[in-house]
There are 2 protein chains.
Amino acid sequence: MARAKEFDREVVLERAMEFFWAQGYEAASMRDLLDAMQIGRQSLYDTFGDKHSLFLASLGHYYEMGVGSVVAQLSAPDGGLSAIEDYFDGMARRMTTKPYRSCLLINSAIELAPHDPEVAKIVNRFVKNLRKGFAKALEVAESKGEAHVDDIDAVSWHLTNSAMGLGPMSKARVPYKDLKLVSEQILKNIRA
Amino acid sequence: MARAKEFDREVVLERAMEFFWAQGYEAASMRDLLDAMQIGRQSLYDTFGDKHSLFLASLGHYYEMGVGSVVAQLSAPDGGLSAIEDYFDGMARRMTTKPYRSCLLINSAIELAPHDPEVAKIVNRFVKNLRKGFAKALEVAESKGEAHVDDIDAVSWHLTNSAMGLGPMSKARVPYKDLKLVSEQILKNIRA
DNA sequence: TCCGTTATGGACCGAGTGGTCCAGAATGTT
DNA sequence: AACATTCTGGACCACTCGGTCCATAACGGA
């Protein structure tokens with residue numbers, strides 16, 4: 001054996017993810033990416049491969065670190081309506097404060113999915129999981145008597161669509177005040 | 001006077017718009033753009049200025065030719081619920097057939113608005129107009145007794161959010177069948 | 001201590017970018 | 001017919017892109 005890596009893979013991947021999230025794929029140049037990751041050029045190529053592979057790794061990291069747990073909370077056995085409420089209000093609040101970034105997966109859907117089958121696959125899987133999460137939360141809500149949903153399939157798709165809408169809305173600079181109205185209206189529609 | 005232009009400004013602008021629509025801003029190179037527009041290099045720069053100006057012109061053209069009339073139909077005095085229904089079903093159908101392109105303005109919101117104040121302004125104006133269109137359609141629907149809307153502000157924002165959601169949804173390859181469910185559910189929520 | 005292995009970062013590469021320049025062709029006016 | 005004006009398209013520019021190469025430094029094992 002010989003010299004050990006001077007950086008932690010997780011740490012620099014996190015930085016890459018942050019940078020892609022803030023800039024988008026095309027707009028993020030490898031040079032700026034290197035700066036942001038605070039890592040040597042060759043080290044990056046040795047560790048992650050090319051730009052596209054690095055992006056896929058970042059997307060994976062984003063899912064595991066961020067979205068995964070949020071979606072999981074939708075399926076919590078004690079969740080129901082409040083889980084859905086938390087999801088939408090959390091999203092609305094996150095998108096309209098501090099770094100003003102919408103969801104990396106939604107961004108990727110728009111920018112890359114049409115030309116990039118691998119990204120398209122990941123995004124499609126995310127959407128399906130999100131819908132499943134909503135469906136589960138609706139079942140729980142129904143069993144708790146919080147809501148009466150006649151067609152869980154239709155309503156869960158509708159909720160998924162509403163979640164995706166928040167991305168473009170925040171990018172269009174719609175303020176939290178109005179996104180809050182959206183979130184409340186969504187809840188009102190499914191409440192018993 | 002001298003030689004007349006060999007092309008029609010509207011025609012080549014339409015082609016540019018189509019190309020930006022299909023490719024996105026960054027992914028559309030000037031060389032490919034020239035091919036698509038079937039125009040000489042210098043002619044383009046003389047007529048439209050640089051790439052960014054050409055894009056803004058394309059976006060304007062998109063609004064005037066496409067979205068403008070669609071939004072206008074929402075405000076039609078005999079519209080009401082059916083206008084809203086037509087809007088969503090039309091969007092869902094358009095996004096999931098033939099060239100599979102979502103709305104250029106939604107795409108631009110994601111790709112450019114964060115870094116491009118001019119685009120952000122246009123997108124923001126579009127969103128506000130769309131919301132106004134929905135509000136008007138809701139008023140008409142109410143006056144016709146098709147729906148009872150307690151909070152037009154909240155519901156029109158909700159509809160706007162749902163409309164924006166269709167963009168990412170279609171890019172994520174959600175099929176028409178499911179988008180149709182979304183569209184129906186939206187209507188169900190506001191029907192009396 | 002010395003060797004083999006690995007990480008490192010700057011030099012470098014070809015390709016492609018948006019944009020400019022200019023010689024020449026095409027046209028309306030006189 | 002001759003001129004002035006304008007359009008046209010290819011040559012060309014500086015620059016940036018993603019990616020590779022390589023000499024050197026840093027380290028672990030024997």
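Computed over heavy atoms, backbone and side chain alike; hydrogens, waters and symmetry mates excluded. We name chains A, B, ... by the order of the sequence lines, and we start the count at 1 in each one.
Under the 3.5 Å distance criterion, the side-chain polar atoms of Thr47(A) are matched with a main-chain donor or acceptor of Ser43(A). A donor-acceptor contact shorter than 3.5 Å is absent between the side chain of Glu111(B) and the backbone of Glu111(A).
In terms of phosphate contacts, Ser43(B) brings a side-chain nitrogen or oxygen within less than 4.0 Å of OP1 or OP2 of dT8(D).
The structure places CG of Asn189(A) at 8.0 Å from CD of Gln185(B), a figure rounded to the nearest 0.5 Å.
Applying the side chain to side chain donor-acceptor pair (under 3.5 Å) test to Asp153(B) and every residue at least two apart in sequence or in another chain returns Arg131(B). Considering only residues two or more places apart in sequence or on other chains, Ser102(A) meets the side chain to side chain donor-acceptor pair (under 3.5 Å) condition with Asn107(A).
Separating the CG atom of Leu44(A) from the P atom of dG19(D) is a distance of 10 Å, rounded to the nearest angstrom. Distance, Met30(B) CE to dT20(C) C1': 12 Å, rounded to whole Å. The CG-P distance, from Asp46(B) to dT6(D), rounds to 11 Å in whole Å. Put simply, CD1 on Ile39(A) is 14 Å from P on dG10(C), counting in whole angstrom units. For the pair Leu33(B) CG and dG18(C) P, the computed distance is 8 Å after rounding to whole Å. Whole-Å rounding puts the Asp35(A) CG to dG9(C) P distance at 12 Å. One can place OH of Tyr45(B) at 17 Å from C1' of dC7(D), the figure rounded to the nearest angstrom.
Within residues 10-28 of chain A, no residue has any heavy atom closer than 4.0 Å to DNA chain C. Contacts between residues 48-60 of chain B and DNA chain C, counted as heavy-atom distances below 4.0 Å, involve Asp50(B), Lys51(B).
With respect to the salt-bridge test (charged N to carboxylate O, under 4.0 angstrom), the residues Arg31(A) and Asp35(A) do not qualify. Between Arg15(A) and Glu10(A), none of the side-chain N atoms (NZ, or NE/NH1/NH2) sits under 4.0 Å from a carboxylate O, so this pair counts as no salt bridge.
Side-chain atoms of Gln42(B) lie closest to dT8(D) of the nucleotides dT8(C), dT8(D), dG19(D).
Each ring-ring contact (aromatic ring centres under 6.0 Å, His included) pair with one or both residues in residues 71-92 of chain B, not counting sequence neighbours, appears once here: Tyr87(B)-Phe134(B), Phe88(B)-Phe134(B).
Checking Tyr62(A), Tyr25(A), Phe48(A), Phe19(A) one by one against Phe55(A), the ring-ring contact (aromatic ring centres under 6.0 Å, His included) holds for a single residue, Tyr25(A).
Ring centroids of His52(A) and His115(A) are separated by 6.0 Å or more, keeping the two rings apart.
If you check the side chains of Ser53(A) and Asp50(A), you find a donor sitting under 3.5 Å from an acceptor.
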Where do N or O atoms of nucleotides 11-16 of chain D meet protein N or O atoms at under 3.5 Å, pair by pair?
none

